[in-house]
Amino acid sequence: MSQQHTPHAPYASRDDAAEGAPTMSTAETTTAIFFEPGRTFEALRARPRFLVVGLITLIAFMSFYLTYMQRIGYETLIDAETSQQLKDRDDVPPEQRAQMANVQKKGFVKAIRMWSPALLLAIVFAAGAALYMLGTNLMGGRMSYKQALAVWVYSTMPPIVLMTLLNFVLLFINPPEDEAAMVQGLHRGLVHANPGAFVDGAAHPLLATALGAFDILSFFGLFLAALGLRKVGRLKAGAAWTIVLALWGCGVLLRLIMAGVFGRAS
């Protein structure tokens with residue numbers, strides 16, 4: 001009696017990922033994520049990529065950050081930060097205030113202040129992707145680290161690019177002039193599509209931070225992330241949104257802690 005052997009498919013996961021997925025170039029996915037995010041993530045499931053879009057995101061973020069420092073003036077920003085930090089400290093004499101500001105104006109400190117956000121953004125990309133992969137696999141989906149990194153990067157890029165463009169417009173049309181607005185612009189940007197825009201971040205940092213979490217552009221990124229986890233990780237909508245909102249909540253909590261420690265909205 002003959003036996004029929006069923007061939008094993010050691011690469012079934014890769015074949016399943018590619019089956020029926022549209023073929024898109026990097027240039028196509030970079031633009032289509034704005035207009036056809038579902039189709040884009042389906043293409044990324046079969047061929048995950050992240051380098052080009054990650055660089056675009058990093059360049060967009062850093063271009064405004066560095067331009068803001070140059071247009072307002074690094075030393076002006078440091079003086080404004082020091083003044084805001086010590087505005088309720090009458091016990092600190094002017095000489096000590098000047099000394100604290102001068103430390104921040106030293107060359108090596110300036111270099112760290114100017115370029116550390118790029119490193120921080122890269123770390124957020126790497127850590128966020130790991131959490132997406134872990135969450136997806138725990139929720140019954142299937143996702144590699146490279147796929148998770150693609151979802152994180154492609155869901156982050158559109159809101160950051162849009163925010164950067166709007167920030168540039170406001171910076172050159174109506175740059176901040178008072179100290180509190182200068183400091184807020186450096187740490188939170190100039191565009192606030194959230195209720196936190198109606199709260200003084202210096203006087204009420206916790207409230208401004210909490211309200212600022214409900215941002216239209218941020219929710220656009222959350223929508224893209226949940227869609228990406230559904231398409232790439234083969235998750236149900238509820239599971240995808242659970243992962244995304246859980247990480248969003250952790251991020252809000254971290255920002256509230258920072259706002260409480262530093263005394264300014266973050």
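These numbers come from the heavy atoms of this one structure, side chains and all, not from hydrogens, waters or symmetry mates.
When side chains are defined from C-beta on, Val232 does not count as touching Pro48, because their heavy atoms never get closer than 4.5 Å. Annotation: side chain of Phe214 is not in contact with side chain of Val252 (no heavy-atom distance under 4.5 Å). Leu58 places a side-chain heavy atom less than 4.5 Å from the side chain of Met62. Residues Met157 and Thr30 have side chains in contact (heavy-atom distance under 4.5 Å, counting atoms from C-beta outward). Residues Ile243 and Thr136 form a side-chain contact, since some pair of their non-hydrogen atoms from C-beta on lies under 4.5 Å apart.
Between Ser155 and Val151, the shortest heavy-atom distance links the atoms OG-O, 2.8 Å. Residues Leu224 and Pro37 approach most closely at CD2-CB, 3.6 Å, considering heavy atoms. In terms of heavy-atom proximity, Arg39 sits nearest to Pro22 at O-CG, 3.6 Å. The shortest heavy-atom contact between Ala129 and Tyr145 is CB-CE1, 3.7 Å. Between Tyr68 and Gly185 the shortest heavy-atom distance is OH-CA, 3.5 Å. Closest non-hydrogen pair, Val103 versus Val109, comes out as O-CG2, 3.4 Å.
When atom types are taken as modelled, the side chain of Asn194 and the backbone of Ala213 share no donor-acceptor pair closer than 3.5 angstrom. At least one donor-acceptor pair under 3.5 Å links the side chain of Asn137 to the backbone N or O of Met143. With hydrogens and angles ignored, the 3.5 Å screen pairs a side-chain donor or acceptor of Asn167 with a backbone N or O of Leu190. Side chain of Arg71 to backbone of Leu171: a donor-acceptor contact under 3.5 angstrom is found. Looking at Gln70, its side chain never comes within 3.5 Å of a backbone N or O of Thr67 through a donor-acceptor pair. A donor-acceptor contact shorter than 3.5 Å is absent between the side chain of Ser83 and the backbone of Asp79.
Both Phe172 and Met69 are part of a single hydrophobic cluster, where members link through side-chain heavy atoms under 4.5 Å apart. Cluster membership check: Leu121 shares its hydrophobic cluster with Met163, using side-chain heavy-atom separations under 4.5 Å among Ile, Leu, Val, Met, Phe, Trp and Tyr. Linking Ile, Leu, Val, Met, Phe, Trp and Tyr residues whenever their side-chain heavy atoms come within less than 4.5 Å places Tyr132 and Leu227 in a single cluster. By the rule that hydrophobic residues join a cluster once side-chain heavy atoms approach within less than 4.5 Å of another member, Val244 and Leu138 end up as members of separate clusters.
Environment of CZ in Phe198: sparse, with no more than 12 heavy atoms of neighbouring residues, nucleotides or ligands closer than 6.0 Å. Atom CZ of Phe34 has more than 12 heavy atoms from other residues, nucleotides or ligands within 6.0 Å. Few gaps surround CG on Leu55; more than 12 heavy atoms of other groups in view lie less than 6.0 Å from it. The number of heavy-atom neighbours closer than 6.0 Å to CE of Met139, taken from other residues, nucleotides and ligands shown, is above 12. The environment of Met258 atom CE is sparse: at most 12 non-hydrogen atoms of other residues, nucleotides or ligands sit within 6.0 angstrom.
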What's the verdict on salt bridge (Lys or Arg N to Asp or Glu O under 4.0 Å) for Arg47 and Glu42, showing C-alpha distance, side-chain angles and the deciding distance? CA-CA 9 Å; Arg47 188 184 173 193; Glu42 288 174 357; over 6 Å; no
Mind running side-chain hydrogen bond (donor to acceptor under 3.5 Å, both in side chains) on Arg255 and Thr209 for me, showing each step along the way? CA-CA 7 Å; Arg255 289 171 58 190; Thr209 299; 5.7 Å; no
Chi angles and distances behind the side chain to side chain contact (heavy atoms under 4.5 Å, CB included) call for Arg230, Lys236: CA-CA 6 Å; Arg230 285 177 51 207; Lys236 293 183 178 180; over 6 Å; no
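Figure legend: Lys105 and Tyr74 shown without cation-pi pairing, the cationic atom not lying both under 6.0 angstrom from the six-membered ring centre and within 45 degrees of its axis.
Gln147 and Arg45 share no side-chain donor-acceptor pair at under 3.5 Å.
Tyr154 and Phe50 have their aromatic ring centers separated by at least 6.0 angstrom. Aromatic ring centres of Trp241 and Phe223: separated by at least 6.0 Å.
With rounding to the nearest 0.5 angstrom, the CG atom of Leu166 is 10.5 Å from the CZ atom of Phe64. Considering CD of Glu81 and OG1 of Thr76, their distance stands at 12.0 Å, rounded to 0.5 Å.
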